[in-house]
Structure formats: C-alpha cells, structure tokens
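This report concerns only the one structure given below.
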Amino acid sequence: MDQNYNPKEVEQIAQSYWQEHNTFQAQDDSKKPKYYCLSMFPYPSGNLHMGHVRNYAIGDVIARHQRMLGKNVLHPIGWDAFGLPAENAALKHNVPPAEWTDKNIANMKAQFLQLGFSFDWSREIATCKPEYYRWEQWFFTQLFAKGLVYRKNSIVNWDPVDQTVLANEQVINGRGWRSGALVERKEIPQWFLKITAYADELLADLDALPGWPEQVKTMQRNWIGRSVGINISFKIANEPHILQVYTSRPDTIMGVTFMAIAAEHPLATHAAKNNPKLQQFIAECQQGTTAEADLATMEKLGMDTGLKAINPLDGTQIPIWIANYVLSEYGSGAIMAVPAHDERDWEFAKKYNLPIKQVITPSDGSSIDVEQAVYTEPGLVINSGKYNGADFNSAFNAVLQDLQLLHAGTEQVNYRLRDWGVSRQRYWGAPIPIIYCDSCGAVPVPAKDLPVVLPLNVTITGAGSPLKKMPEFCNTTCPNCGKAAQRETDTFDTFIESSWYYARYACPDQNEAMLDQRANYWTPVDQYIGGIEHAILHLLYSRFFHKAMRDMGLVKSNEPFTNLLTQGTVLKDGSKMSKSVGNTVDPLDLIEKYGADTVRLFIMFAAPPEQSLEWSDAAVDGAYRFLKRLWNTVQQHVSTGIVELKPDYNKQEFNTAQKALRYKLHSTLGKVSDDYERRFTFNTAIAANMELLNAVNSLNGDGVLDQQIRQEALNLIILMLSPITPHITHALWHALGNKTAVIDEPWPKVDHSALQQDTVNMVVQINGKVRANIEVGVDVAKHELEQLAQQNENVQKHLVGKSIKKIIIVPRKLLNIVVEEQE
RNA sequence: GCCUGGGUGGCGAAAUUGGUAGACGCAAGGGACUUAAAAUCCCUCGGUAGCAAUACCAUGCCGGUUCGAUUCCGGCCCCAGGCACCA
C-alpha cells in the first residue's frame, strides 16, 4: 500500500471497481428483502451545491448501510428538469431552455459520479423528456374522466407592463422584477385538481405514518385544516341577495358586529355599481401580490358598502364591509366578524371604530376586557339571550338547530386546504393535454394522441408563453368532432412531475403504461430523504397522487413514503446557502483539494441530518486529518506483516489494556449500529469511530495479541465507516489483507463476550451535586454500595452536620444522597 | 400576521427513557521533531477563585414541578423553514 493517502487515486480505483461490477444496478427480482432508498431529485441548476451534497450523502449512507444489512437496495436518481430557472437562463444567455437543461444535467451527473454516490444510473429519469411527461398527461386525462379535474377562475400576479403572469418569486416589493411595474391581481381561467376530495384521507392517514417526523405531520394537519362549522345564510336588507359565510365559531354569532367580504366578492361588485368611491377602493385592493404572507401582514383596509346583513336569529342589521384581509379563494370569500373573539376582526374593528361585543367569558370565571385585548379561547356564552351559559358544544348545537329551522344554516366540514391549481402560463413545462373546441368545449387529448410534445426550438422573450405564437402547436382539430380547434398553451405546475417520479423509477423503460408490476415490488419508498422546505407542498401532492394512482389500480399501497427524513438547511453566516444570497461554497473545489471522502465525512460529521448545518471551511481540515490518521494507522499496522484472525481468536487470555480496548471496540460497534439504523445520527457514529481510533493508537505493546486486536479493531472501523467514506475504506480493506471488496461485506456483529465487565464507575451525588466517582463491582449489594459511597473522603466532607433523608440509586450509573441540615 | 422547528464554550456539536453538561472535532495557546517551513506527534483549553485538592457560577430570558431539569410544564425574547406560481 502507498505510504501516503492519495484521495484522487484511491477514489478513482474504487469508482472504477463499482462501475465494472455494475455494483449498484438494482435487481427487480431477488430473494433478499427489497429496500427503496430515495433522496429527492434535484433541479438541474448546473452545479451541485452543499444542500445537494448533504441530501445525497445522507441517502447514500443509508443505502449502503442497508445493503450491508442484506437488502436488495434500489437507490435511483434523476432530474426535476422543468422549471422557471431554465426560462430565466434562456432570457439571459439566449439559449433554449432544453439545451441549457441538458447541459446542466451532464455537468451535474459528472459531479455526482465524482462523489461516489451508489446510484443506479440505469434508471435515470429527466422529467422534461416526452417519454416521462406523456404519462402525467395521460394521468391528467384519467383524472378528468373521473371528475377530479375542473376549470375555474383564479387569481395570478399580473405585470401590466410586460403583459405577463409572474411567479411570487418574480415579484420584488410588490413590483415586477423586470419591468418594475406595480403588480396587479388578475383573474384568469385555470385548471384544478380536486385534492380536497382526498382531504379526509390525507389527514387520517398521517396517523398511519409512524416513520414520519411529528413536525411534518403536524404541519400537514394544520395545512389541511379540517374544521367543523356552520354555513350561514344572511339575508340582505332591501336586496334579493343572500350572503353566505362559513364559521367554525357559531357560539359567537350574537357577537357579530359587521360582515367582511373580499374585494372580488360578487356583492362587492354589486354594491360598487353606482358608487365610484367603492369602485376605487376595490381597485386599490386588487393591487399587490397573491402571496398569503403579504396579505396577512398588509395594513388592514376596509370600506362600508352601505348594505346590511340580517342576523337570522334576532333580526339585527349588520353593516357589510369590504375588507382587504378576507381571502377570496378561501371559503365563500366572506366572513362574519366577531371582533371580541377573533384577532384580525378585533384589529379591524379598532381601526374603523366598529363595536366590539363580548359574547364569551372564560370558563374559569376570570374576567376579561375585550376593549383592551381580544379573547379567542372557547368559554361560556354571555350577552346572547337564550344561549347564555352554554359551553362551546351546546351553543354550537343550539345555534345549528335554530338556523336549520329557519333554513338559514347547515353543518359543514370545511378545509383550509384548497384545490390544486396546476396551470402555469409558462413555456418550460409539460403541456396540459386539453383541446378547446367551439362546439365541444374543453376536450382532453385522447391517449392515442399523447404525448403532446413541447416544441424545443423557441425564443423566450419574457412576455408571455412562446407557445401562443406558434400556430403549428396551437392549431389542431377537435378529437370529438374533427373541427378546427386550439390547444391549451398553459403547462403543468412542476410539482406534477415530482409527485410520481418515485414510482416511475421502478419501471423507467416502460413505454406502454405509466407504471407496471415493478412499481408494486419497489413502492412504497422505504426511506425518503429531502429538505424540510418540502414538508408541506411536495409531500402532500405526492401523497395525493399516490392515492389517486391507487384508485386507478396503478399501485396497491396507500402512501408513497414509509419513512421520511427531513434534512435541515445548509447555512453559511447564518442564512441559507443559495445562489441568490451569494454565499455558496462549491463542492467541486473541496473535492479537488481533499477528495470526495473528506467532503462526505465532513458533511455527515458537522451536524445530525435533521438539524440545520452551519458551514465551516476550517472544519473540513479536521475531517481530512482524520482520514490521513486512519490511513497512517493501517499503514503502520500492516508494515509489520498481515495478521490473520482465527475463528476462536476472541477466546484467548487478554490483559487489562487489551480487554479495555476490546470492550471499547464492541461497545462502539453496538452504539454505531444503533446510530445508523435507528437514530440516523451519523455525526455521533463518526465521533465514536474517532474515539475508537484514538484508543487503538494509544494501545501500547506489540505482542501477537496486541497485533490481533489492532487487526480486529481496524477491520471493524473500516466496515463501520464504509457507508460514509466508501473509497478510502475500499482501499484500506484490501490493505488489511482482506480478499473481498468492502462493498460486498455484511454489517459486522457485536462480540458480546467482549462486553463482560467486572467493575463499573458510579457517580455519587449529594442533593444532586456530583461529589465523587467510585469504582464498584458490577454485582455490589445495595447496602454495600451505600456504605462505599459514604466512605469516600469528599463525600464525608459534605455530610458533616447533615442528616441523610434518603438515598436514590440508579443501577450502574449513580447514587444520590439526599441530606438536610441537622437540627 | 399565521403554522412548524431551533437557541448549550471563541466555533460546529454531544449528553439516546428526567440521572456526571461540553464526548468528538475546529480554532487558539504552549511544546517536540526540523537549518527552516509544511506535515506529524504531545500538552492546555466554559467562567471566577485557588499552587492544588476543590468550591461556586453556567445550557436564550423569567418562573414552576422534582432528590435531581439542556431534557417536563407556563410565560417572554431572538433566529430559521413554510404560507399554495422558487424548487
């Protein structure tokens, strides 16, 4: 073996070995149990960044470890290739998005190979290829046939200068990123998938996902936001209209002091008909973005329409206001405002001097002042006539019953979750397979005519989709009646592609169907790994797609991802490492300097996967030094000749130091196995191996037994580190005289005979403060232990003038003497 | 604004089920080797006092439960992720 660690050479050899042996090509049939390990696929932005390295390093470590546990592992990779950045690059560099994307994919693939990830490249997918997106076009037409697709108007960010729809990201401080024009909200017709039809199942099945982080499940539960309430119809004084509102707090209905409707509400339009002031106010409300964060932090503005709603329960007249904090896309776009018991209503009422009427009082009898502070907790009803004294549930039922008798209310389950708008007014996406016919309306493209191929040679101008200007794309005939017709020019939301790619990896070469039986062998994904930023949207859409595919007979399971690991963000100087912030560190520079193993080791060592990771250039040195130390230790060990371990090697008589090292070795193996398998705390697994190597290096003595123990320890360290640093361990495994390739080795087993101990160290506390450490026999009797503890000099010092109240013993760990001052 | 996390030495972190706070590593300081440097190896390293043994303080802030709290509970502050057209 080489005297010095040369990462380039070592990594080249290992990578060639894997390639020659097709090591990572997954087999669709095997006697071993299957294990599907998937890291979220990347957007091909051109270069790997540290977030990628972290994501794929975690996945790679898990995949390699599972392989060692004897599983038939699938570890695929592909490209989430449609998206906005390709159009931006096209604008900037005058290169077609497809060309830019293909180049980036080639680039990043080379980088992946350099990092030594155990991907099965034979299943590589790029979502921008017709062979892929044709199947989601097909799936969309199937959903259409099942009534799960519909078209309705919905609001987008509109740049009035560029005459184009903007993504939220393209709106900077309320202005278009290129034109600088104030952005407007504009309604246009768009296609929707009925994800709300699955809302209850998406919610309920979260309980069937014990392998998901509680945090993610909580976020999804709140996002779905199921509530039970009442749909109430308010008549309007001197008008034929009805105002529908939904409330989850019918117990507060007698506290309604105004109604608030969105600017887009039909009643707002009606009220403004002969009222220029209202018209102007509505126009003002339509400025700004569609982002909820903006709407929620905006200064609350409102204007009285002059219309009055009538409370069906007591006939009171309630003013109807247009308010900019009411979302037109949520519920009916109107609310009954109870300022005493709703935060936003309270703020609005304070601003416009609207009455605040308390109708709930805390059930513990404490008193509140709703003029000073809002009270949103449920409690007991007051100031509400016949409902006084009722708690939430009885008030809910009483109000519901009364409203039902008046035909003015029905119980309703409501969701915060909205249907999924999938239309994008962009070029670089999968065309939505719809044809508009003057006679037949919107007609889905028949399966035999799929895919609707996206034309590739286009010029991006930044003002609307180039597809609109391509008659050869737009002009077609109606599949129903054969008359001239127009194609839809909008493309799919790119979340569509990422909602089912995990299943396609099972059968990427299938040209006759979306999925085949192999998808049922491999799915669900056993371990899914990705950024916490995907906790809601991507993961919810994928769950929805999986259930929809199940209902179409394409898969059999209910959920796509059995276990989920959400990795934290890679930060530098306290903020997310990203191109836009300009604080990126190029992984390639580090690979060049230290090699892939050091980069992998560092990123796994710096923090546990779920935590955010603060990048440090300096600390990478430490990882490199450790690998050099490992190399040198092995080098030194084998320089005196290779040591062979006989099967009964562990039955020999070891001295104290040797016993201690073997104890350390096998307790470390136990700990590291647990870190890999259950905890996913690879940082502590690495730390434990560093400690172990330190211990190996401090074992003095060069007798035969010492050499054998060193051999055993180094073998095990190599195996334990092999999923994290696969290249150097490939080389060192051979150097230690092993004939096999380390990639084919099983995970090692703990030798329990090495864990036998005669004595154990125990802490002695007095009133919870550590006063001594004592070494006692493992089987020491309780009273003897108590005596030994009290005999300790320092303990005795602290017992002077005290009387012992009791002694608490935690076996093999500590003993706490509880004392008090003597009378 | 709303939802979800997080806050421990100069820095990244560890403490797994309420049981020794700071493992492991980085940085820093000192030393060995060297003509010198790099590399490597050894020692010190939360704060205060002390030669030391040791004592007191210390896990964002305030309070509580407990023999014992980084860990559990209540309130507050700050930071991060998400908020439906970034992916």
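Here is the naming used below: chain letters follow the sequence lines, and residue numbers restart at 1 for every chain. All values below come from the heavy atoms of this structure, side chains included, with hydrogens, waters and symmetry mates left out.
- For Q765(A) and G19(B), the shortest distance from a side-chain N or O to OP1 or OP2 is not below 4.0 Å.
- Nucleotide G9(B) is shown with a syn base, its glycosidic torsion being within 90° of 0.
- You'll find that the side chain of P608(A) is closest to A14(B), out of A87(B), A14(B), U4(B).
- If you check every strand for non-hydrogen atoms under 4.0 Å, Q611(A) touches sugar and phosphate atoms only.
- Between the N792(A) side chain and the N794(A) main chain, a donor and an acceptor come within less than 3.5 Å of each other.
- For N683(A), no side-chain nitrogen or oxygen approaches OP1 or OP2 of G12(B) to under 4.0 Å.
- Within the 4.0 Å cut-off from OP1 or OP2 of G25(B), at least one side-chain nitrogen or oxygen of N694(A) is found.
- An OP1 or OP2 oxygen of U20(B) is reached within less than 4.0 angstrom by no side-chain nitrogen or oxygen of R771(A).
- For H534(A) and G81(B), the shortest distance from a side-chain N or O to OP1 or OP2 is not below 4.0 Å.
- Of the side-chain N and O atoms in K628(A), none sit less than 4.0 angstrom from OP1 or OP2 of C41(B).
- Between the base of U54(B) and the side chain of K797(A) there is no donor-acceptor pair shorter than 3.5 Å.
- Considering only side-chain N and O atoms, R812(A) lies nowhere under 4.0 angstrom from the phosphate OP1 or OP2 of U20(B).
- Here A87(B) is the nucleotide among A87(B), U20(B), G19(B) with the atom lying nearest to any side-chain atom of E533(A).
- Of the candidates U20(B), G25(B), G81(B), G81(B) carries the atom nearest the T569(A) side chain, counting heavy atoms from C-beta on.
- With distances taken from any side-chain atom of E169(A) to the nucleotides A84(B), A87(B), C86(B), the minimum falls on C86(B).
- The base of C67(B) lies close enough to the side chain of N816(A) for a donor and an acceptor atom to sit less than 3.5 Å apart.
- Comparing atom distances between the A687(A) side chain and each of A23(B), A27(B), C2(B) picks out A23(B) as nearest.
- Checked against G19(B), A87(B), A14(B), the side chain of I808(A) finds its nearest nucleotide in G19(B).
- Nearest-nucleotide positions on RNA chain B for Q215(A) and A291(A) put Q215(A) closer to the 5' end.
- The base of U40(B) lies outside donor-acceptor range of the side chain of R625(A), with no N or O pair under 3.5 Å.
- At the phosphate of A15(B), OP1 or OP2 sits under 4.0 Å from a side-chain N or O atom of R679(A).
- Distances shown here put a side-chain N or O of N222(A) below 4.0 Å from the OP1 or OP2 atom of U4(B).
- Taking the six-membered ring for Trp and thresholds of 30 and 60 degrees, Y325(A) and F348(A) have ring planes inclined between 30 and 60 degrees apart.
- Contact annotation: T684(A) side-chain N/O to A14(B) OP1/OP2 distance is not under 4.0 Å.
- Taking only side-chain nitrogens and oxygens, N632(A) never comes nearer than 4.0 Å to OP1 or OP2 of C41(B).
- Aromatic rings from W615(A) and F602(A) are positioned such that their centres are separated by under 6.0 Å.
- For Y133(A) and F82(A), the gap between ring centers is short of 6.0 Å.
- Counting only heavy atoms from C-beta on, W223(A) has its side chain closest to A84(B) among A84(B), C24(B), G82(B).
- Each of A21(B), G25(B), C3(B) was ranked by its minimum atom distance to the side chain of V770(A); first place goes to A21(B).
- Listed nucleotides: C83(B), A27(B), C24(B). Nearest to the side chain of E691(A): C24(B).
- Among the candidates W223(A), F495(A), Y501(A), the single residue satisfying the ring pair (Phe, Tyr, Trp, His ring centres under 6.0 Å) test with Y541(A) is F495(A).
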